[in-house]
Colleague: 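Please find one structure pasted underneath; my questions will follow.
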Number of protein chains: 2
Amino acid sequence: MAQRDILNQLRGKGVRLTPQRLLILNAVSDGGGHMGVDEVFRRAKESYPYIDIATVYRTLHLFRRMGVVTEVAIGDRLHFEITDPEAPHHHMVCRPCGGAYDLAPDYLDEFRNTLSVEFDFEPDLDNFTVTGVCSNCKKYGADALGA
Amino acid sequence: MAQRDILNQLRGKGVRLTPQRLLILNAVSDGGGHMGVDEVFRRAKESYPYIDIATVYRTLHLFRRMGVVTEVAIGDRLHFEITDPEAPHHHMVCRPCGGAYDLAPDYLDEFRNTLSVEFDFEPDLDNFTVTGVCSNCKKYGADALGA
DNA sequence: TGCTCTTCTGCAAACGTTTGCGGCTGCTTA
DNA sequence: TAAGCAGCCGCAAACGTTTGCAGAAGAGCA
């Protein structure tokens, strides 16, 4: 999603566009991959040193509710990335090395369907993360780090 | 798993059986379903008021590593239940009402197999929780509570 | 039983995250 | 452009959870 579209979308929902919010949006956007909260905070602080960590959390949660960013739990810390409506995806997170890999949504279609039909349970699979052990860590035994 | 078997299993692994640990094991065991940490703490305190919350956390994590209890995230709080090796299961947690439902393991067999074959990724599906909206909350619109 | 070693415990401080509060500011209307 | 209001921000305190430390206590052996 282009920056401009995001801003229009937010404005349309009555969300105020403060300097802090723009800073945080840029930080997540420029970061590229999955950004830790502290990394977002650090980047935003470079432009505006008075920004508070509480504002970062509040803003990231706001953006998540608005669908602008997606939350990914890596280890037990929260990470965020810009939501890409063109290419929605889930995440596989490697417990030993902390790596995060994208997973196409169709791998979960059948699972979603089963839960819906059999239990009338509507899973939150828009933002789904499965932890495990990746190929590399399996090969080189980095699992020793795991919990 | 019978209490006696659990204790023997722990002893066999060189884990010390202190009064605090027995208290915590009983608390989780007697609680029935998925127990919140604060509930475990409250129960243990009834028998031994000097017990510390840090001991409860440390012990529950020890038990989890030993496979004695299973961790279930409900909302963003940790809950624990005695692991039943006779009837392993996953969990569906309803976001609006916080209800936790058991899910038989075979619903995930295919998913596990796909990740393993296609990505050489070994998912942690021993302790798997999917959040969503349960049948009741869908019907009565309790979703208004959700995040 | 008593000694020794290892591990566990309670305490307190720290972590990452959330929340209440009072002052400030972006947005709307005129 | 100026005024008013809704809602945002920084601050500080609180939350649930984790960690470092020094003393206490379980387990094995004499």
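Below, chain A is the first sequence line, B the second, and so on; all start at residue 1. The figures here come from the full heavy-atom set of this structure, side chains too, leaving out hydrogens, waters and symmetry mates.
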Colleague: How long is the line joining CD1 of A/I51 and P of C/dC24, in whole Å?
Modeller: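 For the pair A/I51 CD1 and C/dC24 P, the rounded distance is 18 Å.
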Colleague: Whole Å only: how far is the CZ atom of A/F41 from the P atom of C/dG16?
Modeller: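 Those two atoms, CZ and P, are 11 Å apart.
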Colleague: Nearest whole Å is fine: how far is C/dC21 P from A/R58 CZ?
Modeller: 13 Å
Colleague: Between CG of A/D124 and SG of B/C94, what distance do you get to the nearest 0.5 Å?
Modeller: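 Between atom CG of A/D124 and atom SG of B/C94 there are 9.0 Å.
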Colleague: Tell me: CG of B/L10 to C1' of C/dC8, nearest whole Å?
Modeller: 14 Å
Colleague: Check DNA chain C against residues 13-22 of chain B and give the residues with a non-hydrogen atom under 4.0 Å, in numerical order.
Modeller: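 Under 4.0 Å from DNA chain C: B/R16, B/T18, B/Q20, B/R21.
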Colleague: Can you list the steps and then say if B/F63 with B/R21 is a side chain to side chain contact (heavy atoms under 4.5 Å, CB included)?
Modeller: CA-CA 9 Å; B/F63 286 172; B/R21 291 179 175 178; 4.2 Å; yes
Colleague: With a 4.0 Å cut-off, would you call B/D30 and B/R43 a salt bridge?
Modeller: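 B/R43 and B/D30: not salt-bridged.
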Colleague: For B/F63 and C/dC8, give me the distance from atom CZ to atom P, rounded to whole Å.
Modeller: 11 Å
Colleague: Using a distance-only criterion (donor-acceptor N/O pair, under 3.5 Å, no hydrogens), is the base of D/dG28 paired with the side chain of B/R11?
Modeller: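 Checked by distance alone, the answer is no.
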Colleague: Do any pairs count as a ring pair (Phe, Tyr, Trp, His ring centres under 6.0 Å) and have a residue in residues 94-117 of chain B, sequence neighbours left out, and if so which ones?
Modeller: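 Non-adjacent pairs meeting ring pair (Phe, Tyr, Trp, His ring centres under 6.0 Å): A/F119-B/Y107.
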Colleague: Are any protein N/O atoms closer than 3.5 Å to N/O atoms in nucleotides 13-15 of chain D? If there are, list each pair with its distance.
Modeller:
none

Colleague: Please walk me through it: do A/I82 and A/L25 pass side chain to side chain contact (heavy atoms under 4.5 Å, CB included)?
Modeller: CA-CA 8 Å; A/I82 298 287; A/L25 182 59; 3.8 Å; yes
Colleague: Side-chain donor-acceptor pair under 3.5 Å between B/E81 and B/H89, yes or no?
Modeller: yes
Colleague: Give, for atom CG of A/D38 and atom NZ of A/K45, the distance between the pair rounded to the nearest 0.5 Å.
Modeller: 11.0 Å
Colleague: With DNA chain D as reference, determine whether A/A54 or B/V37 sits nearer its 5' end, using the nearest nucleotide of each.
Modeller: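 Its nucleotide being nearer the 5' end, the pick is A/A54.
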Colleague: Nearest-Å distance, CG (A/L62) to P (C/dT18)?
Modeller: 14 Å
Colleague: With a cut-off of less than 4.0 Å, is there a side-chain N or O of B/Y48 near OP1 or OP2 of C/dG10?
Modeller: yes
Colleague: Atom CD1 of B/I53 to atom C1' of D/dT18: distance rounded to whole Å?
Modeller: 12 Å
Colleague: Inspect the contact between A/E39 and A/R42 and indicate whether a charged nitrogen and a carboxylate oxygen are less than 4.0 angstrom apart.
Modeller: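 The answer is yes: the pair qualifies as a salt bridge.
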Colleague: Over 60° means perpendicular and under 30° means parallel, so classify the ring planes of A/F80 and A/H61, tilted if in between.
Modeller: tilted
Colleague: Tell me the interatomic distance from B/D52, atom CG, to D/dT18, atom P, rounded to whole angstroms.
Modeller: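 About 13 Å, once rounded to whole Å.
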